[in-house]
Structures are given as C-alpha cells and as structure tokens.
Amino acid sequence: MTTSNCREPADEASPVFPPRLNYWVVLNGQRVQYSGTEPTAALKLATDSPQRLAGSLAFDGARAGGPEVALEFDAPLLKEMAKAR
C-alpha cells in the first residue's frame, strides 16, 4: 500500500491500491507455496488512519487450487513512513 494526498502531517492518508491485490501463501515448512491476485474489493478497510489500520480480507481461491481466506485485522501502526518507494 502507498499513501497519497497528504497535505499536512495530521491529514489521514488515503491508500492507493493497484487494480489487484497480490498475495503469496507458504505452508508446511515452505513445501507448499501458492501465489495469486484478487480484486481490491476483497479488502475492506474499517479504519484507515496514520495510527491504526483495521478491516477485513476475504476471498476464495479454491477453484484455482488456492486458499480460502477470511480474516479480520485491527493493527496499530508503529512507524509513520516519511516517503513511499
């Protein structure tokens, strides 16, 4: 994720996502690996602030041999990035 449209340090940053989310899953001591993409609609953010990121990620890649994912997260952000790559 990258941020844009920050006019002041106190402004909330709006995430800018590519058209799809890339993911990589590694299981069983790296014996099983799977990577894929999902539409950005799979990620729903409830809180998006410089201090906290909360929401959910849900998708079902089983038809293509991938994982079924349904998770919720609520994470404090420990470091504010001064610039994006």
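Small disclaimer: the values here were computed from a predicted structure and weren't measured. Just so you know, these numbers use all the heavy atoms, side chains as well, and skip hydrogens, waters and symmetry mates. All residue numbers in this chain count up from 1 along the given sequence.
Other residues, nucleotides and ligands place no more than 12 heavy atoms under 6.0 Å from the CD atom of Gln30.
Residue pairs satisfying the ring pair (Phe, Tyr, Trp, His ring centres under 6.0 Å) criterion with at least one member in residues 38-74, sequence neighbours excluded, are listed as follows: Tyr23-Phe59. Listed by first then second residue, pairs satisfying salt bridge (Lys or Arg N to Asp or Glu O under 4.0 Å) with a partner in residues 49-59 read Arg52-Asp74, not counting sequence neighbours. Listed by first and then second residue, the ring pair (Phe, Tyr, Trp, His ring centres under 6.0 Å) pairs involving residues 25-57 amount to none (not counting sequence neighbours). For residues 29-47, there are no salt bridge (Lys or Arg N to Asp or Glu O under 4.0 Å) pairs, not counting sequence neighbours.
With sequence neighbours left out, Leu27 forms a side chain to side chain contact (heavy atoms under 4.5 Å, CB included) with Val25, Val32. Every residue two or more places apart in sequence or in another chain that forms a side-chain hydrogen bond (donor to acceptor under 3.5 Å, both in side chains) with Thr37 is listed here: Arg20. With sequence neighbours left out, Asp60 forms a salt bridge (Lys or Arg N to Asp or Glu O under 4.0 Å) with no residue at all. With sequence neighbours left out, the side chain to side chain contact (heavy atoms under 4.5 Å, CB included) criterion links Gln51 to Ser49.
When side chains are defined from C-beta on, Leu77 counts as touching Leu53, because their heavy atoms get closer than 4.5 Å.
Annotation: the span from Leu43 atom CG to Ser56 atom OG amounts to 7.0 Å, rounded to 0.5 Å.
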